[in-house]
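Questions regarding the structure given below will be posed in turn.
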Amino acid sequence: MLAAAALAQPLAYRLLPEQVAHGAWVIRGADTFIARDNGGAVANIALFATEEGAVLVDAGPSLRYGEVLAKLARELTGKPVARVYLTHLHPDHTYGDAAFEPGIIAATPALAAELKREGLGFSDGMYRILGDWMRGTELHMPGHAITAERETLGGRAFRLLALSGHSASDLAVLDERTGTLVAGDLVFYDRAPTTPHADFPKWRAALDTLKGLGHRRVIPGHGPIDSTPGAAIDQTRDWLDWLEGALTAAVRDGLDMVDAGLLPIPDRFARMRVARYELQRSVAHLYPAIEAREWPRVDGR
């Protein structure tokens, strides 16, 4: 009865904007995994003020979240949302676009194709995990194709970097006015990276590109803002290098997937949230391919 009463409570997202520069805010996600108690609000969302309207980078996990985000954007900027950039296909970043008209939702052609092919497939999982948080949520396909490397909205210029590595199509957005880099899930900070669609060589190449932009700060896809601005990029690369090396060594040593998920995590990652959880998920994502590479079939099949 207590559980039923808890589930019957009204659901509401409480979005707390953190100003990171003039006309720039981040709405921080919870540094954990998607769960009913957080409504799936685990991704960072960036918000910029322009004379034309508010610009969002990512939209959160649900229609309910997107509606609250749209209201907050108007409160902060005095204008409605003029553009929503989507960084990649994962649902904690995209499903909130259900609150916005397709014409203002922007994605690269590659990401738009990915969302059309795979985006709706996340729906069942999100509804199963989040229940009524997802009520009425239907992913909107982007109506604005990103085909240029730069876009100016209301006097504010954004550099748009089409990359890949965390997924097959990742977008990073640099606000040129403030030097604020919104990296999407190409960068995590003090929160272990996720790897369901990871391509490690391409991810490292993307990190090299981001490292050379001359930006002032990084808003990672998950975790706190990095004002150094290289620490989050370096930490993400360090985790990827360690993870790939550790899992490769585990395969060569004959460890099974359960044992690989129990590998010791280096002390330098001690403050990284959900590290054990993401290590075990990464074993599930990556181990079979590493086994196939390191232990090919003797019959050549």
Side-chain angles (χ1 to χ4, degrees), residues 2-18 25-49 53-107 111-112 115-116 118-144 171 182 184-185 191 194 219-223 274:
L2 289 175
L7 291 175
Q9 296 300 311
L11 302 178
Y13 292 102
R14 185 166 176 257
L15 306 187
L16 301 175
E18 176 183 342
W25 297 264
V26 62
I27 297 92
R28 288 267 287 111
D31 295 329
T32 185
F33 46 82
I34 295 171
R36 192 178 293 260
D37 62 0
N38 58 43
V42 298
N44 292 336
I45 310 299
L47 191 160
F48 298 94
V55 171
L56 300 173
V57 183
D58 284 331
S62 67
L63 170 64
R64 190 190 302 264
Y65 185 102
E67 290 173 340
V68 178
L69 182 61
K71 180 180 178 182
L72 175 64
R74 184 181 283 275
E75 291 172 353
L76 290 174
T77 69
K79 298 180 183 294
V81 174
R83 174 73 75 238
V84 181
Y85 292 115
L86 298 182
T87 62
H88 64 292
L89 80 163
H90 293 150
D92 51 323
H93 295 258
T94 56
Y95 269 81
D97 84 345
F100 303 98
E101 292 299 320
I104 68 169
I105 302 169
L111 176 54
L115 288 169
K116 186 174 182 179
E118 299 187 40
L120 295 177
F122 288 108
S123 181
D124 287 347
M126 292 292 281
Y127 272 87
R128 281 197 299 270
I129 296 169
L130 298 180
D132 202 47
W133 285 105
M134 294 294 292
R135 182 185 292 268
T137 301
E138 293 187 14
L139 181 69
H140 283 175
M141 292 297 116
H144 179 81
L171 177 72
V182 188
D185 278 7
R191 197 277 188 203
T194 62
I219 298 176
H222 300 263
V274 296

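Just so you know, these numbers use all the heavy atoms, side chains as well, and skip hydrogens, waters and symmetry mates. Sequence positions, counted from 1, serve as the residue numbers for this chain.
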With sequence neighbours left out, the residues meeting side-chain hydrogen bond (donor to acceptor under 3.5 Å, both in side chains) with R74 are none

Practice task
Kindly give the heavy-atom pair with the smallest separation between L76 and P17, and that separation in Å.
Solution key: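 Taking every non-hydrogen atom into account, CD1-CB, 3.9 Å.
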
### Message
Checking V42 against F33 for the side chain to side chain contact (heavy atoms under 4.5 Å, CB included) test, could you report, in this order, the C-alpha distance in whole Å, the side-chain angles of both residues, the deciding distance, and whether it holds?
### Response
CA-CA 7 Å; V42 298; F33 46 82; over 6 Å; no

Would you call V57 and I219 a side-chain contact if the rule is heavy atoms closer than 4.5 Å? no

Between V84 and A59 the two heavy atoms that sit nearest each other are CG1-CB, 4.1 Å

Closest non-hydrogen atoms of T87 and H93, given as atom of the first, atom of the second and distance, are OG1-ND1, 4.0 Å

ask   = Looking at side-chain heavy atoms only, is the closest gap between D132 and R64 below 4.5 Å?
value = yes

When rounded to the nearest 0.5 Å, the distance separating CD1 of I27 from CG of L56 is 7.0 Å

Show every side-chain hydrogen bond (donor to acceptor under 3.5 Å, both in side chains) that has at least one partner inside residues 96-107, sequence neighbours left out.
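Counting only pairs at least two positions apart or across chains, no side-chain hydrogen bond (donor to acceptor under 3.5 Å, both in side chains) contact touches residues 96-107.
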
Between L47 and T77, does a side chain to side chain contact (heavy atoms under 4.5 Å, CB included) hold up when you go through it step by step? CA-CA 9 Å; L47 191 160; T77 69; 3.8 Å; yes

I'd like to check F122 versus H90 (side-chain heavy atoms, cut-off strictly below 4.5 Å). Are they in contact?
yes

- Interatomic spacing from CD in E138 to CG in L63 - rounded to 0.5 Å: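 Reported to 0.5 Å precision, the distance equals 9.5 Å.
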
Would H222 and D185 count as a side chain to side chain contact (heavy atoms under 4.5 Å, CB included) if you check the C-alpha gap in whole Å, the side-chain angles of each, and the deciding distance to 0.1 Å?
CA-CA 7 Å; H222 300 263; D185 278 7; 3.0 Å; yes

Minimal heavy-atom distance between L86 and L111, with the atoms involved, is O-CD2, 3.3 Å

Requested in this report: Say whether, by atom type as modelled, one donor and one acceptor occur between the side chain of D58 and the main chain of G60 under 3.5 angstrom.
Outcome: no

Rounded to the nearest 0.5 Å, how far does CG of L72 lie from CG of L16?
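The CG atom of L16 sits 9.0 Å away from the CG atom of L72.
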
Can you classify the ring geometry of Y65 versus Y13 as parallel (below 30°), tilted (30 to 60°) or perpendicular (above 60°)?
perpendicular

From I45 atom CD1 to R28 atom CZ, the distance as rounded to the nearest 0.5 Å: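 If we round to the nearest 0.5 Å, I45:CD1 and R28:CZ are 11.5 Å apart.
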
>> Can you give me the closest heavy-atom contact between A73 and V81, atom names plus distance?
In response: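 For A73 versus V81, the nearest heavy atoms are CB-CG2, 3.7 Å.
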
CG (L69) and NZ (K71) are apart, to the nearest 0.5 Å, by 12.5 Å

Point to revise | Closest non-hydrogen atom pair, R191 against T32 | key: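 Looking at all heavy atoms of both residues, the closest pair is NH2-O, 2.9 Å.
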
- Task: With side chain to side chain contact (heavy atoms under 4.5 Å, CB included) as the test, would you mind laying out the steps for V182 and F48 before giving the verdict?
- Result: CA-CA 11 Å; V182 188; F48 298 94; 3.8 Å; yes

Report the distance from atom OG of S62 to atom CZ of R135, rounding to the nearest 0.5 Å.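 Answer for the OG-CZ pair, S62 versus R135, is 12.0 Å.
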
Please check this pair: side chain of H140 against backbone of F100, looking for a donor-acceptor N/O pair closer than 3.5 Å.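 It does hold such a pair.
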
In short, salt bridge (Lys or Arg N to Asp or Glu O under 4.0 Å) pairs touching residues 121-130 with sequence neighbours left out are none

Under the 3.5 angstrom rule, does the side chain of Y95 hit a backbone N or O of S123 as a donor-acceptor pair?
yes

Does the side chain of I34 come within less than 4.5 Å of P61's, by heavy atoms?
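P61 vs I34: side chains apart.
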
